[in-house]
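Structure first, commentary second.
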Amino acid sequence: MKVEKSEKDQYFLRPLWVSENIKEKTGYSITEALTDNWWQENLHPEDKERALRESAQLFEKEYIIHEYRFRKKDGTYMWIHDELRLIKDERDEPVEAIGSWTDITEKKLSEERLSEQRLLLSSIMETSPVGVIITDERGKIIYANRTFCSLMGHEYKDVTGASCEELQCRFLDLSGEPIPFEEIPVKKALKTKA
C-alpha cells in the first residue's frame with residue numbers, strides 16, 4: 001500500500017497490490033480489492049471504528065497487529081488477523097506499508113463455542129443444590145460453588161487455596177453416611193498417583 005497525504009496533511013494508505021488468493025478468500029476480484037474504500041466499506045459495523053483507529057496508529061507505531069471481521073462478497077463475515085508494517089524512506093518519511101492477512105475464522109468460532117460451554121457449565125455449577133469443589137493435584141481447592149461455600153459457612157475467598165482437611169469438610173455417601181476423608185475416591189486416586 002502506498003502512503004499518501006490528504007489535504008489536511010494526514011497520512012492515509014492507498015492499495016497498490018493484493019495477492020491473487022484474495023478472490024479465493026473473500027470472493028472479490030483483485031480490481032475490486034484495489035479500490036480506495038474497499039477495506040473500510042467491508043469492515044463489520046461492530047469492529048469498524050476500532051479497526052480504523054488501530055490502523056491509523058500504524059503511522060506512529062510503525063507496526064500493528066489487530067483482528068476484526070470482514071464482509072466477504074457473499075455477505076458472510078470472516079475473522080482476519082491483520083499485520084501491517086510501515087516502510088520509511090531515507091528522510092524517515094513513510095512511503096509504503098506491507099501487510100498480511102490470516103483467516104482466523106475457525107479459531108474465533110471455536111473460542112466462541114468454548115466460551116458458551118464455559119458459561120453453561122458455570123451456570124450449572126453455581127445453581128446446583130449440591131456442593132461442588134475442584135481441587136488441584138495437592139488437594140487445594142481451586143473452585144467451589146456457592147452451595148459448597150454456604151454449607152461450609154465460608155466466603156469463596158476463604159475456601160479457595162485451602163484443603164478439605166483445613167476446612168474440616170465432611171463427605172457423605174449416597175445413603176447419607178459419613179465417608180472418612182482418606183476413603184474419598186478422589187483422595188484415594190490422588191494418593192495412588194503420587
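Computation of the quantities below employed the complete heavy-atom set of this structure, encompassing side-chain atoms and omitting hydrogens, waters and symmetry-equivalent molecules.
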Nearest-0.5 Å distance, [atom1] of residue [X] to [atom2] of residue [Y]:
{"X": "T102", "Y": "E67", "atom1": "OG1", "atom2": "CD", "value": "9.5 Å"}
{"X": "E83", "Y": "I98", "atom1": "CD", "atom2": "CD1", "value": "10.5 Å"}
{"X": "T147", "Y": "I133", "atom1": "OG1", "atom2": "CD1", "value": "13.0 Å"}
{"X": "W79", "Y": "D103", "atom1": "CH2", "atom2": "CG", "value": "12.0 Å"}
{"X": "L43", "Y": "Y77", "atom1": "CG", "atom2": "OH", "value": "9.0 Å"}
{"X": "T31", "Y": "W38", "atom1": "OG1", "atom2": "CH2", "value": "12.0 Å"}

(Q) Please determine whether a side-chain nitrogen of the Lys or Arg among K107 and E111 lies less than 4.0 Å from a carboxylate oxygen of the Asp or Glu. (A) yes
Donor-acceptor pair, side chain of [X] and main chain of [Y], under 3.5 angstrom:
{"X": "T26", "Y": "K72", "answer": "no"}
{"X": "S123", "Y": "L119", "answer": "no"}
{"X": "R71", "Y": "E41", "answer": "yes"}
{"X": "S128", "Y": "M125", "answer": "no"}
{"X": "S150", "Y": "R146", "answer": "no"}

Q: For Y28 and W39, run ring-ring contact (aromatic ring centres under 6.0 Å, His included): C-alpha distance rounded to whole Å, both residues' side-chain angles, the deciding distance at 0.1 Å, then the answer.
A: CA-CA 11 Å; Y28 294 100; W39 179 73; over 10 Å; no
Do you know which two heavy atoms are closest between [X] and [Y], and how far apart they sit?
{"X": "Q40", "Y": "L52", "value": "CG-CD2, 3.6 Å"}
{"X": "F148", "Y": "L167", "value": "CE2-CD1, 4.3 Å"}
{"X": "E155", "Y": "C149", "value": "C-SG, 4.4 Å"}
{"X": "H81", "Y": "I65", "value": "CE1-CG2, 3.2 Å"}
{"X": "I64", "Y": "E54", "value": "CD1-O, 3.3 Å"}
{"X": "A33", "Y": "I22", "value": "CB-CG1, 4.1 Å"}

Quick one, [X] and [Y] - any side-chain contact, counting heavy atoms below 4.5 Å?
{"X": "R69", "Y": "K108", "result": "no"}
{"X": "I141", "Y": "S163", "result": "no"}
{"X": "V18", "Y": "L34", "result": "yes"}

Q.
Applying a strict under-4.5 Å side-chain criterion to I, L, V, M, F, W and Y, I'd like to know whether I134 and L121 cluster together.
A. yes
Q. Out of curiosity, does I30 fall in the hydrophobic cluster containing I80 (side-chain heavy atoms, cut-off under 4.5 Å, transitive links)?
A. yes
Q | Residue pair K88, D92: steps toward the salt bridge (Lys or Arg N to Asp or Glu O under 4.0 Å) verdict | A | CA-CA 5 Å; K88 294 184 172 184; D92 205 34; 3.7 Å; yes
**Q.** Audit row: E166, K140, salt bridge (Lys or Arg N to Asp or Glu O under 4.0 Å) steps and yes/no
**A.** CA-CA 10 Å; E166 292 168 336; K140 298 291 184 182; 3.3 Å; yes
Q | Option from M78, H44, K25 for which side chain to side chain contact (heavy atoms under 4.5 Å, CB included) with F70 holds | A | M78
Q | Candidate pair R113 and S110, rule side-chain hydrogen bond (donor to acceptor under 3.5 Å, both in side chains), full reasoning | A | CA-CA 5 Å; R113 284 190 295 270; S110 293; 3.3 Å; yes
